[in-house]
Amino acid sequence: MNALDGFSHDELLRYSRHFLLPQVGVEGQRRLRDASVLVVGAGGLGTPVLQYLAAAGVGKLGVVDFDRVELSNLQRQVIHRTADVGRLKVDSARDAVRALNPDVEVITWDDRLTSANALERIGAFDVVVDGSDNFPTRYLVNDACVLTGTPLVSAAIFRFEGQASVFVTADGPCYRCLHPEPPPPDLVPSCAEGGVLGVLPGIMGSIEALEAIKLITGAGEGLAGRLLLLDALTMKVREVALRRDPACPACGEHRTVTELIDYEAFCGVGSASERGDDEIEPGELRSVLDGDGAPLVVDVRQPHEIAVEPFPDALPIPLDQLAERLAEIDPHRAVVAVCQRGQRSRRAVELLRAAGFGNAKSLRGGMQKWEATSGAAGRPPADAAQK
Ligand SMILES: [Zn+2]
């Protein structure tokens, strides 16, 4: 009986099936009770995460979600009920968790996780489970987990495909080791645009809950260093080995991500005019190119994209080499990064500014806009085949 000290009679009954497992047992259940998990997003993935972690007796659950329950959510976000439509998701999720297990402490935030609040929130929890549905949040959560040393359980779904992994463990990779750069925003349809089979986030979120419990209890072998890929249509599961990338900007040997950045800009979403000062218009660049103090143009496109370098004294450094070739850039000159459409150059500017090139700017709209606005300047029109 001594071994079960500290658990009430009801708790002994509630968690009796855990106590029977040698890999969990009394010690594992104590760890669950003493653990705190932050769940980012109370949607399709967050649903089973919250339900199973609450049922498992995780002592403290944090939930952050700014959204309200919509009728179209209920097909997959089954922690919410029809009567919850219109309520804040965090309120609906908190009520569901409390109804399931009143011993669990629930802390909610009904706003966005941002660069201003993520470190404080994430640093206060033992484990983070990402149930978000967008790339800016994924990179924000990853970087905040790396900076605070908090393990991150991650999953993503699209239509009939799901993937899951565990990042930011002692020797494991982080999300940026797998995806150093976000995909172009116009290539990423959301669930709203692409659709999703309702049960799939239930499966992938359950895998996240399982991995969180394994991290907390130390049971079994976690998904750190492995990416699990599930094709729900064929029910085939594949696994891809992941390694920590020594050149990773977040967790590598020469890390450039030393604080949280503007993740909307990093992922090329949001309104460009909101940011402004990290971009330069083609006309403005033309007006300063020939004068004294002309900026150094760094062309971050891949060599095969550049048929004829449009800027005579440009320094060509592909974006994926920029971090290790910063020494080639004259620190006394203003720098303008250019690429084909103005997305990669914005990422280059993030990197340059983080490395001390405080006035670096990105050519807005890239070479496409530059060439489209060349008109009287007599530059040839864009060659469609080069795109
Ligand atoms: Zn990394």
Side-chain angles (χ1 to χ4, degrees), residues 37-38 40-41 45 113-115 118-119 121-123 125-156 163-185 188 204 207-208 211-212 214-215 221-229 239-269 300 317-326 343-344 346-356:
V37 178
L38 178 64
V40 179
L45 291 165
L113 196 68
T114 68
S115 299
L119 287 177
R121 292 181 188 177
I122 282 177
F125 287 84
D126 299 324
V127 174
V128 171
V129 179
D130 188 0
S132 70
D133 60 357
N134 63 83
F135 284 93
T137 305
R138 268 182 220 149
Y139 281 95
L140 166 66
V141 169
N142 178 74
D143 290 357
C145 282
V146 172
L147 289 170
T148 59
T150 313
L152 167 62
V153 183
S154 177
Q163 48 179 267
S165 191
V166 172
F167 299 113
V168 201
T169 55
D171 342 285
C174 81
Y175 182 76
R176 281 194 194 238
C177 294
L178 173 62
H179 298 293
E181 286 187 40
V188 186
M204 301 313 295
I207 291 173
E208 288 189 290
E211 290 300 310
K214 283 158 65 183
L215 276 172
E221 190 184 330
L223 271 181
R226 296 184 288 152
L227 179 69
L228 190 82
L229 300 158
E239 192 182 298
V240 177
L242 304 178
R243 273 183 316 187
R244 179 178 276 185
D245 177 5
C248 173
C251 75
E253 284 153 21
H254 307 286
R255 37 192 89 175
T256 52
V257 181
T258 53
E259 59 185 3
L260 299 179
I261 58 171
D262 179 347
Y263 291 87
E264 305 267 314
F266 176 66
C267 295
V269 299
V300 300
I317 305 180
L319 180 60
D320 56 5
Q321 297 174 17
L322 186 58
E324 62 239 43
R325 292 178 59 186
L326 290 170
Q343 304 283 6
R344 281 172 292 172
R346 283 224 297 265
R347 276 175 239 145
V349 165
E350 291 278 351
L351 202 155
L352 287 164
R353 291 194 170 199

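Along the sequence shown, residues carry numbers from 1. Ligands are counted one by one from 1 in listed order, and the atoms in each one are counted from 1 as well. Because the structure is predicted, anything quoted here is derived from the model rather than measured. Heavy atoms only: backbone and side chains are in, while hydrogens, waters and symmetry mates are out.
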Legend entry - Exercise: identify the closest heavy-atom pair between Ala348 and Leu322: CB-CD2, 3.6 Å

Legend entry - Heavy-atom closest pair, residues Val153 and Glu208: O-OE2, 3.4 Å

Inset, instruction - Taking atom CZ of Arg243 as the centre, report whether more than 12 heavy atoms of other residues, nucleotides or ligands fall under 6.0 Å from it. - result: no

Legend entry - Lys/Arg N to Asp/Glu carboxylate O, Lys214 vs Glu211, below 4.0 Å: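 Here Lys214 pairs with Glu211 in a salt bridge, since their nearest N and O are under 4.0 Å apart.
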
Inset, instruction - Take the Zn ion (ligand 1) and tell me which protein N, O or S atoms are nearer than 2.8 Å. - result: Cys174 SG, Cys177 SG, Cys248 SG, Cys251 SG

Inset, instruction - Could I get the full list of side-chain contact (heavy atoms from CB on, under 4.5 Å) partners for Leu147, not counting sequence neighbours? - result: Leu119, Leu260

Inset, instruction - Return yes if a side-chain donor-acceptor contact under 3.5 Å exists between Tyr263 and Asp143, otherwise no. - result: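 Per modelled atom types, Tyr263 and Asp143 side chains form a pair under 3.5 Å.
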
